[in-house]
Amino acid sequence: MTGLTLALSKGRIFEETLPLLRAAGIEVLEDPETSRKLILPTNRDGVRIVMVRASDVPTYVQYGGADLGVAGRDVLHEQALAQGGSHGLYQPLDLNIARCRMSVATRADFDYAAAVKQGSRLRVATKYTEIARQHFADKGVHVDLIKLYGSMELAPLTGLADAIVDLVSTGGTLRANKLVEVEQIMDISSRLVVNQAALKLKRDTLRPLIDAFASAVSA
Ligand code: ATP
Ligand code: MG
C-alpha cells in the first residue's frame with residue numbers, strides 16, 4: 001500500500017475527526033495532547049498523522065507535505081481570498097464537524113446598526129482580515145482592519161476596535177466579556193482537503209478512505 005499522510009490540528013478538529021477515522025478502520029496510536037511527537041503513528045501500516053497548526057493545514061496539503069487534511073471553512077476561505085480566489089485543493093467532503101459561525105460582535109453599548117447606517121468608518125479587529133474585508137465591502141461599509149492573532153474579544157473592551165469578526169459557537173465567550181453578536185457572516189464546519197497530485201497517484205488508497213469518511217458523515 002502507498003504511504004498516506006493526514007494533516008490534523010490539535011483540539012476540536014482532532015477530537016472530532018477521530019470517530020471518522022475509526023469508522024474508516026484507522027486508530028491513532030498516540031494522544032497529541034500528551035505526546036510531544038509531531039508525527040503520530042496509526043494502526044494502519046503506512047498511514048500517519050502529522051499535527052500542524054489549524055491555519056497550516058491547507059499549506060501542508062497544497063504543497064504535498066500531507067496527502068490530505070482536515071481544515072475549517074474559516075481557514076480555507078480566508079486563505080483562498082488571500083491567494084486570489086482559490087488554492088487548488090480538492091475538497092471532496094464537508095465533514096460537518098467543528099461547527100460554528102463567523103460573526104461580527106461589538107460591545108453591548110455600541111449601536112452597530114446606527115454606525116453602519118450613518119456610514120461611519122468602523123474599526124474592526126480580526127484574525128480573518130480577508131473575510132472581514134469582503135463582508136464589509138459587500139455591505140458598502142468602510143472599515144479599518146486591525147489584524148490580531150488571538151483573543152479578539154479584548155479589542156472592543158480596550159477601545160482598540162469598534163467591532164470584531166470572530167468564530168462563535170455557544171456565544172459563551174462573548175457573553176462572559178459583555179459582547180453581543182450583531183451579524184452572522186457564514187456558517188463554519190470542517191472539510192476534507194486533498195492534494196491534487198496525491199488524488200491521482202494514490203487513488204487506490206485515497207478513494208476508499210474518502211468513501212469511508214462520507215458514509216461515516218452521513219450515518
Ligand atoms: P492557533 O491556536 O494555532 O492559532 P486556532 O486558535 O485558530 O489556531 P482553534 O481555535 O483550535 O485554532 O480552531 C481551529 C479550528 O476549529 C478553526 O479553524 C475552526 O474551523 C474551528 N473552531 C474554532 N473555534 C470554534 C468554535 N468555537 N466552535 C467550533 N469550531 C471552532
Ligand atoms: Mg487555538
Side-chain angles (χ1 to χ4, degrees), residues 6-21 28 31-40 49-63 65-66 68-83 87 89-106 124-135 145-156 160-161 163-194 213 216-217:
L6 168 67
L8 294 177
S9 55
K10 271 192 197 178
R12 252 179 221 103
I13 289 183
F14 182 82
E15 298 302 329
E16 296 186 30
T17 301
L18 278 185
L20 300 174
L21 284 170
V28 184
D31 178 2
E33 297 299 338
T34 54
S35 171
R36 286 167 182 250
K37 284 187 191 164
L38 298 173
I39 301 181
L40 306 178
I49 314 288
V50 291
M51 297 305 303
V52 306
R53 209 167 162 159
S55 46
D56 287 338
V57 168
T59 310
Y60 268 82
V61 176
Q62 182 176 0
Y63 295 104
L68 74 172
V70 177
R73 185 182 175 207
D74 51 323
V75 163
L76 291 168
H77 196 54
E78 178 71 15
Q79 296 191 5
L81 288 173
Q83 294 183 32
H87 35 40
L89 290 170
Y90 176 55
Q91 296 183 35
L93 201 56
D94 184 344
L95 298 173
N96 232 345
I97 59 168
R99 289 164 59 94
C100 53
R101 54 195 183 269
M102 178 90 64
S103 295
V104 182
T106 67
V124 179
T126 185
K127 174 164 110 176
Y128 303 97
T129 49
E130 296 301 325
I131 292 174
R133 191 189 319 284
Q134 186 178 51
H135 173 70
L145 293 170
I146 302 170
K147 168 88 181 184
L148 288 180
Y149 295 90
S151 299
M152 284 161 259
E153 297 83 10
L154 204 50
L160 178 68
I164 58 173
V165 168
D166 199 4
L167 299 176
V168 180
S169 49
T170 61
T173 306
L174 292 182
R175 264 193 304 281
N177 291 290
K178 298 193 165 60
L179 300 177
V180 289
E181 190 176 6
V182 291
E183 201 163 65
Q184 298 190 4
I185 300 178
M186 63 174 88
D187 287 323
I188 304 291
S189 56
S190 288
R191 281 117 197 269
L192 198 62
V193 289
V194 182
F213 280 151
V217 169

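Along the sequence shown, residues are numbered consecutively beginning with 1. Both counts, for ligands and for their atoms, begin at 1 and track the order of listing. Atoms considered below: every heavy atom in the structure, side chains included; atoms not considered: hydrogens, waters and symmetry mates.
At a 4.0 Å cut-off, at least one heavy atom of Cys100 sits close enough to ligand 1 to count as contact.
Atom OH of Tyr60 has 12 or fewer heavy atoms from other residues, nucleotides or ligands within 6.0 Å.
Residues Val124 and Ile164 are not in side-chain contact: their nearest non-hydrogen atoms beyond the backbone lie 4.5 Å or more apart. Contact check for Pro92 versus Val194: side-chain heavy atoms found under the 4.5 Å cut-off.
Heavy-atom contacts of Lys127 reach the following atoms of ligand 1: 5 (P), 6 (O), 7 (O) (cutoff under 4.0 Å). In summary, the atoms of ligand 1 found under 4.0 Å from a heavy atom of Val75, numbered by their order in the structure, are 18 (O). Residue contact check: Arg99 has heavy atoms under 4.0 Å from atoms 28 (N), 29 (C) of ligand 1. When each atom of ligand 1 is checked for a heavy atom of Ser169 under 4.0 Å away, the hits are 26 (C), 27 (N), 28 (N). Residue contact check: Arg53 has heavy atoms under 4.0 Å from atoms 1 (P), 3 (O), 4 (O) of ligand 1. In summary, the atoms of ligand 1 found under 4.0 Å from a heavy atom of Gly72, numbered by their order in the structure, are 20 (O).
Residues Thr170 and Arg175 approach most closely at O-NH2, 3.4 Å, considering heavy atoms.
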Could you walk me through whether Ile97 and Val70 satisfy the side chain to side chain contact (heavy atoms under 4.5 Å, CB included) test, starting with their C-alpha distance in whole Å, then the side-chain angles of each, then the deciding distance to 0.1 Å, before giving a yes or no?
CA-CA 10 Å; Ile97 59 168; Val70 177; 4.2 Å; yes
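A donor-acceptor contact closer than 3.5 angstrom is absent between the side chains of Ser103 and Gln184. For Ser189 and Asp94, the side-chain atoms include at least one donor-acceptor pair closer than 3.5 Å.
A salt bridge links Glu181 and Arg101; the closest N-O separation between the charged side-chain nitrogens and carboxylate oxygens is under 4.0 Å. Electrostatic pairing of Arg133 and Glu130 counts as a salt bridge here, judged by a charged N lying under 4.0 Å from a carboxylate O.
If you look at Val168 next to ligand 1, there are no close heavy atoms at all, none under 4.0 Å. Here Arg73 has no heavy atoms under 4.0 Å from ligand 1, in either its backbone or its side chain.
Considering backbone and side-chain atoms together, Arg12 places an N or O closer than 3.5 Å to an N or O of ligand 1. For the pair Tyr149 and ligand 1, the shortest N or O to N or O distance does not fall below 3.5 Å. Distances between N or O atoms of Tyr128 and those of ligand 1 include no value under 3.5 Å. Some N or O of Ala98 is nearer than 3.5 Å to an N or O of ligand 1, by distance alone.
Scanning Ser151, Ala54, Ala71 for the heavy atom closest to atom 12 (O) of ligand 1 points to Ala54. Nearest residue to atom 18 (O) of ligand 1 from Ile13, Thr170, Asp74 is Asp74 (criterion: closest heavy atom).
Distance CD1/Ile146 to CE/Met152: 12.5 Å, rounded to 0.5 Å.
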